[in-house]
Amino acid sequence: MSDGLGPQTLLALIAVVAVIASGPVRAAAPSLELDVDLDPGTRRFHAVAVVAPAARDFRFELHESLQVSAASADGKSVRVVAAGREGPISAWRVQMPTGATRLRLEYGGMLPALDRSLDDRGVLRALPPMASSEGSFLSAASAWYPQPAALFSYRLTVLVPGDQRALVPGRLQSESLPSDGSGRYRASFEFAQPATGIDLMAGPWVVREKIMPRAKGAPVRLRTYFSAELDAIAGLADGYLDDTRRYLELYEQEIGAYPFTEFSVVASPLPTGFGMATLTYIGAEVLKLPFIRATSLGHEVLHNWWGNGVYVDYATGNWSEGLTTFMADYAYKERESGEAARAMRLAWLRDFAAVPAGSSQALASFRSRTHGAAAALGYGKSAMVFVMLRDAIGEDAFRRGVRAFWEEHRFRTASWSDLQAAFEKAAGRSLASFFEQWLDRAGGPAVKIARAGAKTEAGKVRLTLTVEQSAPAYSLRLPLEIVIAGRTEMRSIDVAGPRDVVTMLVDAMPEGVRLDPDLRVWRVLDRAQLPPILRQWVIARAPRWVQASDAGDVREAASALAKRFFEVPPQPTAHDALNKGTEPVMLIGLHADVDRALAHAGLPPRPASLAGRGSAQVWTVARDASPPVAVVSAKDADALQALLTPLPHYGAQSWLVFDGKRALDRGVWPASGPLVAVQSERW
Ligand SMILES: [Zn+2]
């Protein structure tokens, strides 16, 4: 990985001078000054660090590609001693002479080359510091500088070749491209707030800038650091700058003033999606996707409050992903429509339902996203806890809780219990059992109405429900839908035990009742509430498909589509497969042939909501019986052919309407859960 000298040779390079100490140790403010010289083309890195260590016995780490060549404390040489090694990272130790406050370290080496083969899972793991002329990324976790303390402030100057730009989180103090013939780019940054680490990025970027004025406080410098190719895409950089401003204004209003003076959108050669203080580092390919500006950008901007503004106490669980998902991704869905927000809650609950039984963990144990199950927990369940919390204490108290939490913990480490305290204060009541059950218990409750009865009572109707839930029982406020004479009425009921009897008065004899049809409570959904989506077909272990049409060109297009769509090569089968076996089946063909095949198999006809629309329609058949059936129906062979590339990307949908390659409309079948009939009791 590294071409540099091994750390074993380090001691030989260091001038060893014993310094006799005298006088008391002065407690210096933890801080770091760094002068970095990076040549991405040759991957040569050289730096001078001036550290004010938090302790006299100063320990720090450096990546194996970097060696210390000189060390001194207040002008006198000191000895740097090896203190262990973990993988590519070596630990070092310096005993600061008494009275000395500043340690100067000169170090450098040849950094590992940028690993372009990293996929999005790869970049979630710890990366070494990497350099290349197409982009360099020295992540905070890669030990490319000596860190003075857990929280520290820093000043940094970075020097790169003239065709490169470089940055770190913080306020840009100065930058220059001197005309002295050296032609090198120099930029200085300051991070005055306590930081948890420094990520350094460099690349062959074109920089664009807009200044966002603020009524109170300094203006914010908004920038894009894009490759020439990205920068040349009409409106892209401008769009990012304008959207960033919109998000900053939104969250200033909702939470409190943006705590920094810059925000940059930085293009990465890797498929990253990192949010750091004052910037986000996003894969160049990803930046081109339209939904990034609509969702991920807002999410990363918001991390400047949650995560980079208030720090996470990882030992007690990461609350920041859930709160950020709730106030960004989910909030945008709520703004779009109630239906879109419900679809997101359904997606969280569906992901949760897909986590194998027994491998579910308590939310308090979530640290960061490392695998799918962790994401279902740390993003989905965590965001849902905030949905339920707001439902429980009301919009107004929730808002005040958020603002107070920010006010109190700005640039400090905070835990779930700090959040709890802020919301308790805002709500004026204890939320201990709420937080305990959602944070400390794994999984979720499975709740159902075991029995519903009603009888007339003095001109009114008394409705009695028996609600059962799995053990251990949760304290739940459950939305209840009551269907009376064809209309619906919403109430809420409180349950706390394994079997609770709840009664209420209603105006007329109800036909049925339904628990939480809008999915506002975290729980184990029953099958009837998990509408079939295409992903079940995409990932099927032994998928099958049925050819509905006979014409040669249609058969060819259908066959190509089937091969492309499934992850495992599908088995072509006869029509009777639509009612046989348990593995998912897909029916593919032209409209008239598909309609005939569905009728012949006794399956529900083409949904009226799709009929006659676009050039092709795709839908899953919601039914209780096996096997699961999905249908692809097109007006001609070309329309089928057009689905080859786009269709596999729509795994999260139950139905789609295509015009050629373009999805005109799509959605997930509504599934509001079973309507429990109300028994009339006439005694
Ligand atoms: Zn995030």
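Only this structure's heavy atoms are used, side chains among them; waters, hydrogens and symmetry mates stay out.
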Could you tell me the separation between the [atom1] atom of [X] and the [atom2] atom of [Y], rounded to the nearest 0.5 Å?
| X | Y | atom1 | atom2 | answer |
| --- | --- | --- | --- | --- |
| Ser296 | Leu287 | OG | CG | 9.5 Å |
| Ser264 | Met276 | OG | CE | 11.5 Å |
| Leu534 | Gln653 | CG | CD | 7.5 Å |
| Thr280 | Asn308 | OG1 | CG | 10.0 Å |
| Gln420 | Lys425 | CD | NZ | 14.5 Å |
| Ser365 | Asn318 | OG | CG | 11.0 Å |

Is the shortest heavy-atom distance from the side chain of [X] to the side chain of [Y] under 4.5 Å?
| X | Y | result |
| --- | --- | --- |
| Val447 | Val467 | yes |
| Glu481 | Glu489 | no |
| Thr196 | Leu151 | yes |
| Val668 | Ser654 | yes |
| Ser136 | Met201 | no |
| Pro543 | Val568 | yes |
| Met212 | Leu248 | yes |
| Arg523 | Leu476 | no |

Identify the two heavy atoms, one from [X] and one from [Y], that lie closest to each other, and give their separation to 0.1 Å.
| X | Y | value |
| --- | --- | --- |
| Tyr240 | Thr224 | CB-CG2, 4.0 Å |
| Ser320 | His303 | OG-CE1, 3.5 Å |
| Ser142 | Leu127 | CB-O, 3.1 Å |
| Leu302 | Leu323 | CD2-O, 4.5 Å |
| Leu138 | Pro129 | CG-CB, 3.8 Å |
| Trp537 | Phe566 | O-CD2, 3.1 Å |

Measure the acute angle between the ring planes of [X] and [Y], then classify it against the limits of 30° and 60° as parallel, tilted or perpendicular.
| X | Y | result |
| --- | --- | --- |
| Phe423 | Phe435 | parallel |
| His299 | Tyr379 | parallel |
| Trp522 | Phe352 | tilted |

Measure centre to centre between the rings of [X] and [Y], then say whether the value is under 6.0 Å.
| X | Y | value |
| --- | --- | --- |
| Phe260 | Phe411 | yes |
| Phe405 | Trp319 | yes |
| Phe386 | Trp306 | no |
| Trp348 | Tyr330 | yes |

>> Applying side-chain hydrogen bond (donor to acceptor under 3.5 Å, both in side chains) to Arg223 and Tyr225, what does each step give before you reach the verdict?
In response: CA-CA 7 Å; Arg223 282 189 164 192; Tyr225 289 79; 2.9 Å; yes
Ionic contact status for [Y] with [X], cut-off 4.0 Å:
| X | Y | answer |
| --- | --- | --- |
| Glu252 | Arg214 | yes |
| Lys210 | Asp242 | yes |
| Arg403 | Glu407 | no |

Could you check whether any side-chain N or O of [X] sits under 3.5 Å from a backbone N or O of [Y], counting only pairs where one atom can act as donor and the other as acceptor?
| X | Y | answer |
| --- | --- | --- |
| Lys448 | Leu515 | no |
| Glu61 | Ile89 | no |
| Arg666 | Trp655 | no |
| Asp516 | Pro479 | no |
| Glu336 | Ala341 | no |

>> For the residue pair Trp669 / Thr620, report whether a side-chain donor-acceptor contact shorter than 3.5 Å exists.
In response: yes
>> Regarding Glu249 and Gln253, do their side chains bring together a donor and an acceptor under 3.5 Å, going by distance alone?
In response: no
> Could you walk me through whether Tyr145 and Gln147 pass the side-chain hydrogen bond (donor to acceptor under 3.5 Å, both in side chains) check?
Replying inline: CA-CA 6 Å; Tyr145 61 90; Gln147 182 153 332; 2.9 Å; yes
> Does a sphere of radius 6.0 Å around CZ in Arg171 hold more than 12 heavy atoms from other residues, nucleotides or ligands, not counting ones at 6.0 Å or beyond?
Replying inline: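 For Arg171, atom CZ is not crowded (no more than 12 foreign heavy atoms under 6.0 Å).
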> Can you list every side chain to side chain donor-acceptor pair (under 3.5 Å) pair that touches residues 434-446, not counting sequence neighbours?
Replying inline: none
> Does any pair with a residue in residues 385-401 pass side chain to side chain donor-acceptor pair (under 3.5 Å), and if so which ones, sequence neighbours excluded?
Replying inline: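 Those involving residues 385-401 are Glu334-Arg390, Asp391-Arg520, Asp396-Arg400.
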> Can you check ring pair (Phe, Tyr, Trp, His ring centres under 6.0 Å) on Tyr247 and Tyr332, steps first, answer last?
Replying inline: CA-CA 11 Å; Tyr247 288 123; Tyr332 310 151; 5.5 Å; yes
> Given the rule in the side chain to side chain contact (heavy atoms under 4.5 Å, CB included) test, do Val220 and Thr261 qualify, once you have shown the distances and angles that lead to the verdict?
Replying inline: CA-CA 5 Å; Val220 182; Thr261 49; 5.8 Å; no
>> Is there a side chain to side chain contact (heavy atoms under 4.5 Å, CB included) between Leu32 and Ile198? Walk through the geometry before answering.
In response: CA-CA 11 Å; Leu32 172 66; Ile198 313 172; 3.9 Å; yes
> Yes or no on side chain to side chain contact (heavy atoms under 4.5 Å, CB included) for Val266 and Ile282, after CA distance, side-chain angles and deciding distance?
Replying inline: CA-CA 6 Å; Val266 183; Ile282 302 184; over 6 Å; no
> Hey, mind stepping through Leu465 and Val501 against side chain to side chain contact (heavy atoms under 4.5 Å, CB included) and telling me if it holds?
Replying inline: CA-CA 6 Å; Leu465 307 174; Val501 176; over 6 Å; no
